[in-house]
Structures are given as C-alpha cells and as structure tokens.
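Reviewing the structure listed below.
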Amino acid sequence: MDKEQIGTLAGIVWRALNEKGPLSFEDLQRETLLDSESVCTAIGWLALEDKICFDEQNGITLFYVYQEKYY
C-alpha cells in the first residue's frame with residue numbers, strides 16, 4: 001500500500017463520517033465496504049492530519065469529522 005492508496009482510503013472514510021456523522025469502527029466498515037486494515041489505515045492518516053476526532057460512549061469508540069470552532 002502506498003501513500004496515494006492511503007489517501008484514497010482516508011477520503012472514503014472522511015466522506016462517510018462527513019455524511020453520516022459519528023460512526024463506530026464497525027459502522028465505518030459497513031458504510032465504506034472497506035476491510036479492517038483499510039479502515040485502520042485511513043483512521044490513522046486522518047487522525048495524524050487532525051481531520052477526525054474520536055470519543056468513547058458506552059464502551060464504543062465513535063469517530064467523527066473534526067470541526068474547528070471559533071469563538
């Protein structure tokens with residue numbers, strides 16, 4: 001897997017999160033039709049780039065698009 005492929009996977013995951021809102025890992029796999037390695041790779045890329053955030057709710061990690069807020 002090269003950087004271009006990882007960037008493509010990151011785009012797929014980001015679009016799913018942007019359209020659907022917060023999703024669990026399993027929901028991301030279901031929505032994107034990507035395997036677990038691809039979703040993990042995309043999440044890592046997006047997290048490194050500060051494009052997504054994640055929170056734990058009821059023992060489930062939810063991923064969502066980072067929205068910068070100005071006050």
Side-chain angles (χ1 to χ4, degrees):
M1 189 176 308
D2 63 22
K3 286 184 181 180
E4 186 174 326
Q5 290 171 313
I6 295 169
T8 299
L9 295 172
I12 292 168
V13 168
W14 187 91
R15 281 190 293 281
L17 292 171
N18 191 51
E19 291 173 9
K20 302 289 183 176
L23 295 172
S24 68
F25 185 84
E26 291 78 12
D27 291 337
L28 269 174
Q29 282 186 281
R30 197 172 10 265
E31 289 293 327
T32 62
L33 304 176
L34 297 174
D35 61 33
S36 61
E37 180 183 2
S38 296
V39 173
C40 286
T41 302
I43 287 170
W45 179 286
L46 291 167
L48 181 66
E49 296 288 324
D50 288 327
K51 303 292 185 192
I52 62 168
C53 296
F54 35 96
D55 283 324
E56 189 172 323
Q57 295 181 3
N58 300 323
I60 298 172
T61 302
L62 295 176
F63 301 92
Y64 58 95
V65 172
Y66 174 75
Q67 300 289 331
E68 193 164 343
K69 297 178 180 149
Y70 297 97
Y71 297 95

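Computed from a prediction, not measured in an experiment: that's the story for all the values here. In this chain, numbering begins with 1 at the start of the sequence shown.
Under a 3.5 Å cut-off, the side chain of E31 and the backbone N or O of L28 do not form any donor-acceptor pair.
Residues R30 and D27 have side chains in contact (heavy-atom distance under 4.5 Å, counting atoms from C-beta outward). The side-chain heavy atoms of F63 and L17, taken from C-beta on, include a pair separated by under 4.5 Å.
Under a cut-off of 6.0 angstrom, the local environment of CD in E56 is crowded, with over 12 non-hydrogen atoms contributed by other residues, nucleotides or ligands.
Interatomic distance, C40 SG to L34 CG, rounded to the nearest 0.5 Å: 11.0 Å.
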Taking it one step at a time, do F25 and V39 satisfy side chain to side chain contact (heavy atoms under 4.5 Å, CB included)?
-> CA-CA 8 Å; F25 185 84; V39 173; 3.4 Å; yes

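Hydrophobic clustering (ILVMFWY, side-chain heavy atoms < 4.5 Å, transitive): L62 and I52 are in distinct clusters. By the rule that hydrophobic residues join a cluster once side-chain heavy atoms approach within less than 4.5 Å of another member, V65 and V13 end up as members of one cluster.
In this structure, L23 and A16 approach most closely via the heavy-atom pair CD1-O, 4.1 Å.
Residue pairs meeting the side chain to side chain donor-acceptor pair (under 3.5 Å) criterion with at least one partner in residues 40-55, sequence neighbours excluded, are D55-Y64.
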